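Here the structure is laid out as structure tokens; the discussion comes afterwards.
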Amino acid sequence: MSSEFVRGLTCRLCGKRYPKEALNFCTEDFGPLEVEYDYEAIGRSLRRETLERRPRTMWRYRELLPIDGEPTVGLQVGGTPLVKANRLAEALGVRELYIKNDAVNYPSLSFKDRVVAVALSKAVELGFDTVGCASTGNLAGSVAANAAAAGLEAYVLIPDNLEQGKVLGATIYGAKVVAISGNYDHVNRLCSQIAFRFGWGFVNVNLRPFYAEGSKSMGFEIAEDLGWRAPDHIVVPMAGGSLIGKIHKAFKELEGLGWIDPVCTRMFGAQATGCNPITNAVKTDAKRIKPVRDPRTIAKSLAIGDPADGFFASKLMKETGGWGEDVDDEAIIDAMKLLAETEGIWAETAGGVTLAVTRTLIEQGKIDRDGSTVVCITGNGLKTQEAVIDRIARPPVIRPTLAEFESLIGASPAEAELAPAGA
């Protein structure tokens, strides 16, 4: 199993190595830690035909995920559809468009189930019985749900202005949910103090190196569902900035195994204009990420003003020939409606950000209309109803008579009689 394949942790800045432990920063330079694998051993052990016989969950790629032995949490996570979006492609004027729809991920309807499944499986391995997270919403629900199923005590800390659906989506599972007066960055700093004070396993603090690796499964699934190839372009929402890098890492790992052709995917990042530290760095060619101290956007799940992986995300977009773009709240809502009306997919506000940015990039000529493009939808619209509830027409109310219905649709009795039986 993967205990043979995970060597330990490595600092992304200086390269110093650490054992497999609950630590997220280098003690020499405070650089972030990354999981290090023995890819030669993985290549000798794993064959594509073996993987294809496994269940359609994220754990079919378990040799490339940082757990020892069998996973213990989130066994049904992943395997979400890659939808060929022909109607949306026509609306946007592109040839080949796909939606990676993690809005239907199990159990909490977001891509965060992937990272949480890995982090909590690792927490069990390391002997934690209490876990937690700092969250802008989706992570809260995922940690609460998966911790409940695993019998772990959970503390979930959130900003005090989150959408009610996301607050309920964490509280219902019995987690101890605590709202903090402030934004995500205030919450995250407090969680770091709590994790080290009480010795708990916080998924995006001391367990972050393992947690982040779960995002790779999204990239593995995209490549497999495209017939073992990487797309020409991929558009990814960015909050902390980790997801975009892990999807690219997944493609490069498959390339290294010889399973796909050399990766030429251009990586595009999407943010809301009201909280755009990463895209601002890309567009201004800044060498450092300038934090946004007061995020103001309806896309609350992306409202991280000081993103932990912002530097690496901006660097990746430039290196791959991609770009970073941001959009305002009006464009976000319009894109949510467009996706729903063309493909029957109700995304949360982060999905509206991603699609609106995709449309902008196409109009700017940065995405080739003849290439293949994947748009990543990471959460479900049921969680952010407040954003659109006043923008959707309320249904008309009529009496239960055929005459009133005909009047409503503007059909005369004569026209109704002439209509085909199946109309």
Side-chain angles (χ1 to χ4, degrees), residues 78 80-105 109-112 114 138 215 217-226 229-239 241 243-248 250-251 265-272 278-279 299 301-302 313 316-317 320-327 331-381 384:
T80 59
L82 184 70
V83 179
K84 193 167 192 305
N86 293 327
R87 282 173 45 78
L88 181 58
E90 183 178 358
L92 297 181
V94 295
R95 180 180 60 85
E96 188 179 356
L97 183 68
Y98 301 88
I99 302 295
K100 179 56 174 171
N101 186 15
D102 259 27
V104 294
N105 209 357
L109 305 180
S110 91
F111 95 96
K112 291 295 189 180
R114 300 177 183 275
N138 283 321
S215 294
S217 63
M218 199 171 189
F220 296 146
E221 290 176 12
I222 289 169
E224 182 177 359
D225 287 345
L226 285 175
R229 64 184 173 99
D232 296 320
H233 327 94
I234 187 163
V235 189
V236 183
M238 298 184 299
L243 178 59
I244 190 171
K246 294 303 181 181
I247 289 176
H248 187 261
F251 294 158
T265 304
R266 297 169 65 194
M267 306 297 296
F268 295 92
Q271 290 197 298
I278 305 175
T279 58
S301 64
L302 302 184
L316 175 66
M317 285 181 271
T320 61
W323 191 248
E325 191 55 84
D326 49 81
V327 289
I332 294 169
I333 294 170
D334 288 344
M336 291 170 69
K337 293 170 66 178
L338 177 63
L339 180 59
E341 291 168 2
T342 56
E343 297 298 332
I345 296 172
W346 186 10
E348 67 166 11
T349 48
V353 170
T354 313
L355 181 55
V357 164
T358 301
R359 179 160 54 183
T360 299
L361 293 168
I362 293 168
E363 292 168 352
Q364 292 174 345
K366 290 185 169 65
I367 286 182
D368 177 9
R369 293 180 183 270
D370 292 323
S372 58
T373 299
V374 173
V375 177
C376 293
I377 300 301
T378 52
N380 197 289
T384 58

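For clarity, every value in this text was computed on a predicted model and none was experimentally measured. Numbering starts at 1 and runs along the sequence shown.
Checking side-chain atoms of His233 against main-chain N and O of Met267 turns up no donor-acceptor pair under 3.5 Å. No donor-acceptor pair under 3.5 Å is formed between the side chain of Thr354 and the backbone N or O of Val236. Of the possible donor and acceptor atoms, none in the side chain of Gln271 sits under 3.5 Å from a partner among the backbone N and O of Asp326.
Side-chain contact between Ser110 and Thr378 is absent, with no heavy-atom pair separated by less than 4.5 Å. For the pair Thr349/Leu302, no side-chain contact is recorded, criterion being any heavy-atom separation below 4.5 Å from C-beta on.
Salt bridge annotation for Glu96-Arg229: present, with a cationic side-chain nitrogen under 4.0 angstrom from a carboxylate oxygen. Electrostatic pairing of Arg266 and Asp368 does not count as a salt bridge here, judged by no charged N lying under 4.0 Å from a carboxylate O.
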Could you go through the side-chain contact (heavy atoms from CB on, under 4.5 Å) check for Leu338 and Arg359 one step at a time?
CA-CA 11 Å; Leu338 177 63; Arg359 179 160 54 183; 3.5 Å; yes

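A side-chain donor from one of Asp102 and Thr80 sits under 3.5 Å from a side-chain acceptor of the other. A donor-acceptor pair shorter than 3.5 Å cannot be found between the side chains of Glu343 and Asn101.
Once rounded to the nearest 0.5 Å, the distance linking CZ of Arg87 with CG of Leu97 reads 13.0 Å.
Heavy atoms only, all atoms of each residue included: Ile367 and Thr373 are closest at CG2-OG1, 3.5 Å.
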